[in-house]
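Reading through the structure tokens given below for one structure.
Numbered from 1 within each chain, the chains take letters A, B, ... in sequence-line order. Small disclaimer: the values here were computed from a predicted structure and weren't measured. In what follows, every heavy atom counts, from backbone to side chain, and hydrogens, waters and symmetry copies are set aside.
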Amino acid sequence: MPELPEVEVVRRGLATHAAGRVIEVAEFRGLRVARRHEAGPEDLTARLRGRLIESAQRRGKYLWLALDGGEGLIVHLGMSGQMLVSDPDQPDQRHLHARFRLSDGREIRFVDQRTFGGLALATLDWDGIPEPVRHIGRDPFDPKFDARAAAARMVTSSSGVKRLLLNQTIVSGIGNIYADESLWRAQIHPEKPGDRHTKPAIVRLLGHAADVMNAALEEGGTSFDALYVNVNGQSGYFDRRLAAYGQQGIPCPRCGTPIVRESFMNRSSHFCPRCQPKPRTSS
DNA sequence: CCAACTACCTGTTAGC
DNA sequence: TGCTAACAGGTAGTTG
């Protein structure tokens with residue numbers, strides 16, 4: 001479940017192992033991995049050959065390799081995508097969908113079990129952002145992230161505050177894990193409507209989101225199984241620090257009340273029923 | 001226009 | 001033992 005800290009770990013790995021190299025050969029398997037690249041995988045293969053990787057960039061959960069010529073190879077990990085640095089003689093990983101042979105003799109491989117991830121080539125705008133990523137808001141790791149502007153949007157909506165945290169056009173990078181952790185830290189019920197908060201309360205919530213994701217980044221990210229790994233195939237350790245997410249039935253670290261899990265948008269919300277009381281009127 | 005719902009996937013686990 | 005169902009969930013497209 002790669003969210004902002006996990007994607008940033010991968011970006012750093014690509015900055016180390018891919019930037020400065022040339023793509024000698026690109027290979028795509030099947031039609032799904034490049035489905036967002038309208039011209040298809042053959043076009044992608046042809047256009048990537050010989051391109052210099054200038055840097056590894058990120059906004060929210062979107063990654064891209066900035067190439068010479070003002071284009072970027074967008075990488076979205078989806079639910080289970082991995083970018084792995086491999087030696088060419090290593091056997092193909094299960095669910096290998098793309099491979100890039102680099103000028104240093106190593107390979108970057110895109111491996112994705114659940115196939116929600118994908119790759120595409122796009123033009124970078126004047127700000128260096130790929131066109132398909134333009135609609136994504138800045139994330140809390142971005143120096144230009146404006147928490148007060150994001151809060152101003154959130155307090156005008158009657159949607160539940162967790163839904164707003166997950167809206168990538170307002171603030172990006174937050175997924176189900178860090179939404180639950182941020183709300184636990186801020187002691188806010190996930191379904192309390194945005195317009196029933198003050199702006200400073202939402203700014204504080206976004207500060208907790210930045211804090212918990214920074215703490216996760218320091219531990220290499222959160223991983224529950226082998227699905228989320230860095231470019232060297234290693235998992236992070238932040239799962240040991242989670243207070244709410246996946247902790248149903250376990251005492252709240254703050255008050256001891258068992259954490260509950262509730263169905264939410266075809267998935268789950270985890271929260272402390274005492275520290276995060278349900279708002280008075282809610283549907 | 002905005003909000004809410006659903007399809008897209010596969011591996012693991014729980015339940016019968 | 002073997003089958004089925006539930007679950008994990010980010011994003012884009014559709015529906016209301």
Side-chain angles (χ1 to χ4, degrees), chain A residues 1-8 10-11 29-38 58-64 74-83 93-98 110-120 122 129-137 139 152-183 190-196 209 213 216 221-229 235-236 238-239 242 244-249 260-270 282-283:
Chain A
M1 308 99 216
E3 301 180 29
L4 195 153
E6 294 78 31
V7 178
E8 174 59 15
V10 174
R11 189 202 64 79
R29 295 190 184 170
L31 295 175
R32 189 166 165 79
V33 64
R35 66 193 180 283
R36 300 285 169 213
H37 186 80
E38 307 240 335
R58 182 187 55 68
R59 173 169 287 188
K61 301 169 201 168
Y62 280 87
L63 278 169
W64 62 93
I74 301 170
V75 179
H76 199 289
L77 302 177
M79 277 295 299
S80 55
Q82 306 173 346
M83 291 288 274
Q93 291 85 351
R94 191 152 157 72
H95 307 297
L96 172 73
H97 301 297
F110 180 72
V111 173
D112 185 13
Q113 176 197 107
R114 296 179 194 167
T115 75
F116 281 18
L119 307 172
I129 306 295
E131 188 278 324
V133 185
R134 283 304 309 175
H135 68 292
I136 299 295
D139 59 70
R153 276 186 69 182
M154 292 170 70
V155 298
T156 63
S157 171
S158 61
S159 292
V161 67
K162 179 171 176 181
R163 188 183 285 271
L164 297 171
L165 277 181
L166 295 174
N167 182 333
Q168 304 294 304
T169 70
I170 300 174
V171 49
S172 66
I174 302 173
N176 207 38
I177 296 171
Y178 297 112
D180 282 359
E181 292 301 307
S182 304
L183 290 162
E191 290 179 51
K192 184 173 177 180
D195 59 11
R196 302 234 340 247
M213 292 194 291
T222 301
S223 184
F224 303 106
D225 49 35
L227 281 187
Y228 160 68
V229 295
S235 294
F238 194 71
D239 57 314
L242 296 175
Y245 182 86
Q247 307 302 304
Q248 59 272 17
V260 299
R261 181 174 72 132
E262 276 187 10
S263 179
F264 167 81
M265 288 170 71
N266 283 333
R267 54 205 68 181
S268 297
S269 282
H270 312 75
S282 89
S283 55

**Message:** Between A:Asn266 and A:Ser157, which residue's closest nucleotide on DNA chain B lies nearer the 5′ terminus?
**Reply:** A:Ser157

Taking only residues two or more places apart in sequence, or in another chain, which ones meet [X] in a side chain to side chain contact (heavy atoms under 4.5 Å, CB included)?
| X | answer |
| --- | --- |
| A:Gln168 | A:Lys61, A:Ile136, A:Ser172 |
| A:Arg35 | A:Arg32 |
| A:Pro130 | A:Trp64, A:Ile74, A:Ala122, A:Leu124, A:Pro132, A:Val133 |
| A:Val260 | A:Phe271, A:Pro273 |

**Request:** Would you mind classifying the nucleic acid contact of A:Arg261 as base, sugar-phosphate or nothing, using non-hydrogen atoms under 4.0 angstrom?
**Result:** sugar-phosphate

**Prompt:** Should A:His76 be listed as having a side-chain N or O under 4.0 Å from OP1 or OP2 of C:dG10?
**Reply:** no

**Prompt:** When you check the phosphate oxygens OP1 and OP2 of C:dG10, does a side-chain N or O of A:Arg267 lie under 4.0 Å from one of them?
**Reply:** yes

**Prompt:** Can you name the ring pair (Phe, Tyr, Trp, His ring centres under 6.0 Å) partners of A:Tyr62, sequence neighbours left out?
**Reply:** A:His76

**Request:** Only counting residues at least two apart or in another chain, list the ones meeting side-chain hydrogen bond (donor to acceptor under 3.5 Å, both in side chains) with A:Arg267.
**Result:** none

**Asked** Which residues satisfy the side-chain hydrogen bond (donor to acceptor under 3.5 Å, both in side chains) test with A:Arg261, sequence neighbours excluded?
**Response** A:Ser268

Return the polar atom pairs (N/O with N/O) between nucleotides 9-12 of chain B and the protein under 3.5 Å, or none.
{"from": "B:dC9", "atom 1": "OP1", "to": "A:Arg32", "atom 2": "NH1", "distance (Å)": "2.8"}
{"from": "B:dG11", "atom 1": "OP1", "to": "A:Arg94", "atom 2": "NH2", "distance (Å)": "2.8"}
{"from": "B:dG11", "atom 1": "OP1", "to": "A:His95", "atom 2": "NE2", "distance (Å)": "2.8"}
{"from": "B:dG11", "atom 1": "O4'", "to": "A:Gln113", "atom 2": "OE1", "distance (Å)": "3.1"}

**Axial bend angle, the helix from B:dC2-C:dG16 to B:dC16-C:dG2: five-pair end segments, nearest 10°** = 60°

**Message:** Between A:Arg11 and A:Glu8 (salt bridge meaning N to carboxylate O under 4.0 Å), is one present in this structure?
**Reply:** yes

**Asked** Quick one: salt bridge (Lys or Arg N to Asp or Glu O under 4.0 Å) pairs with a partner in residues 163-175 of chain A, sequence neighbours left out?
**Response** none

**With A:Asp112 via salt bridge (Lys or Arg N to Asp or Glu O under 4.0 Å) - residues at least two apart** = none

Taking N or O atoms only and anything under 3.5 Å, show me the protein contacts with nucleotides 12-16 of chain C, one pair per line.
{"from": "C:dA12", "atom 1": "OP1", "to": "A:Tyr62", "atom 2": "OH", "distance (Å)": "2.6"}
{"from": "C:dA12", "atom 1": "OP2", "to": "A:His135", "atom 2": "NE2", "distance (Å)": "3.3"}

